[in-house]
Amino acid sequence: MARKTKEEASKTRQIILDTALKLFCEQGMTETSLTDIATTAGVTRGAIYWHFKNKNDLFITIWEEFCEPLSNLIDSSIREDEPDPLGKLRFFLMALLDRMSRDPTQRQIFIILFSLDKSHQDIVEIHQHTHVKYQQFLQDLEQSLTNAIKRGQLSPTFNSRIGAHLISATINGYILKCIQDNDSKFHLNQAEPLIDMLIGMFEDYHHHTPN
């Protein structure tokens, strides 16, 4: 009986997460209340508070569960003993764009993020959380490129910090186009050449740098 109760609680939790994601995407974070989520999900507000502290905690949980597993793919490229950090970085970026193209949930999360009113007091915690995650993402990209320099895959004069920001800007632009165009098949076909062109630019810089 206890096992069944645990399974039911897990199912209720997932229903709440799915419903919250849908409403946050359709109505916006600030315009969606816990009552809205409870009513649409067919649960009580108490059921939501059983699993989550508040609305911010609910969104952060969505972010962590859907986005964090993918971010672990970059771990190999930031290890100093990785022999092919640039190759591992390419694999991570391809996986990121592939998932963004195939998984509507990922696009929903970014629709919410791009539409957040950062001046609104209700979402300060979310803004702080996503800011920390973004800064960590940039640091991981920079470390990956620094490792590529150490392995001789990029020029010693290549600027890893600028390279990290260029990758981030490219990824953000790709995500925005996926959201605006709503044509995942087109963007899926563009993902590999986009990443290859970006990595190729970095490698060309290495080749064109005077000795």
Side-chain angles (χ1 to χ4, degrees), residues 17 21 25 60-115 129-209:
L17 287 172
L21 177 60
C25 184
I60 290 172
T61 300
I62 293 172
W63 169 273
E64 296 285 349
E65 294 197 1
F66 283 104
C67 295
E68 286 299 300
L70 186 60
S71 68
N72 293 335
L73 289 177
I74 202 174
D75 289 348
S76 59
S77 68
I78 64 177
R79 287 171 40 193
E80 292 188 3
D81 61 348
E82 170 55 50
D84 183 21
L86 200 60
K88 289 295 192 295
L89 177 60
R90 180 188 180 280
F91 178 81
F92 162 72
L93 295 173
M94 277 300 304
L96 181 61
L97 297 194
D98 180 81
R99 186 165 178 180
M100 185 57 58
S101 298
R102 296 179 186 275
D103 188 352
T105 298
Q106 294 295 319
R107 294 194 293 278
Q108 285 180 306
I109 291 172
F110 279 93
I111 288 171
I112 298 166
L113 287 174
F114 287 142
S115 63
H129 177 82
T130 54
H131 177 73
V132 168
K133 293 295 182 181
Y134 178 67
Q135 293 303 313
Q136 183 61 59
F137 177 63
L138 285 176
Q139 290 173 19
D140 288 346
L141 291 176
E142 184 176 348
Q143 184 61 55
S144 299
L145 295 171
T146 298
N147 291 345
I149 293 171
K150 292 178 180 177
R151 291 289 178 176
Q153 295 179 310
L154 297 174
S155 167
T157 58
F158 184 87
N159 191 313
S160 297
R161 179 164 296 181
I162 292 177
H165 281 276
L166 178 57
I167 291 173
S168 176
T170 302
I171 296 299
N172 284 338
Y174 179 90
I175 293 171
L176 276 172
K177 287 296 290 180
C178 281
I179 292 171
Q180 292 171 351
D181 296 347
N182 196 28
D183 187 350
S184 59
K185 183 177 180 181
F186 169 79
H187 288 286
L188 185 60
N189 292 335
Q190 299 300 310
E192 185 169 3
L194 176 65
I195 295 303
D196 284 343
M197 182 178 291
L198 187 61
I199 297 297
M201 287 170 53
F202 293 170
E203 292 173 324
D204 285 345
Y205 179 89
H206 167 64
H207 294 149
H208 294 162
T209 300

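- With 3.5 Å as the limit, one finds no donor-acceptor pair spanning the side chains of Q153 and N147.
- L166 pairs by the side chain to side chain contact (heavy atoms under 4.5 Å, CB included) definition with T170, L198, M201, F202, not counting sequence neighbours.
- To the nearest 0.5 Å, the span separating CG on L176 from CD1 on I171 amounts to 11.5 Å.
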Report task. Evaluate the criterion side chain to side chain contact (heavy atoms under 4.5 Å, CB included) for residue pair L141 and I74; output intermediate values, then yes/no. Result -> CA-CA 8 Å; L141 291 176; I74 202 174; 3.9 Å; yes

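- A salt bridge links R90 with D196: at least one charged nitrogen is closer than 4.0 Å to a carboxylate oxygen.
- Atoms CG and CG, on L86 and L154 in that order, are 5.0 Å from each other to the nearest 0.5 Å.
- The CZ atom of R99 sits 8.5 Å away from atom OG1 of T105, with the distance rounded to the nearest 0.5 Å.
- Contact annotation: the side chain of L145 approaches that of I167 to within less than 4.5 Å [non-hydrogen atoms, C-beta and beyond].
- Heavy atoms only, all atoms of each residue included: S144 and I78 are closest at OG-CG2, 3.4 Å.
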Query raised in the report: Please walk me through it: do Y205 and T157 pass side chain to side chain contact (heavy atoms under 4.5 Å, CB included)?
Result: CA-CA 9 Å; Y205 179 89; T157 58; 3.7 Å; yes

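- Of the possible donor and acceptor atoms, none in the side chain of S168 sits under 3.5 Å from a partner among the backbone N and O of A164.
- Distance check, rounded to the nearest 0.5 Å: CD of E82 to NZ of K150 gives 13.5 Å.
- Note that the OG atom of S77 and the NZ atom of K88 stand 9.0 Å from one another [nearest 0.5 Å].
- Within 6.0 Å of the CZ atom in F91, the count of heavy atoms belonging to other residues, nucleotides or ligands does not exceed 12.
- With values rounded to the nearest 0.5 angstrom, E142 atom CD is found 8.5 Å from L138 atom CG.
- The shortest heavy-atom contact between P156 and I149 is CA-CG2, 3.7 Å.
- For the residue pair N159 and I162, the shortest heavy atom distance occurs at OD1-N, 3.0 Å.
- Taking 4.0 Å as the cut-off between side-chain N and carboxylate O, E80 and R151 do not count as a salt-bridged pair.
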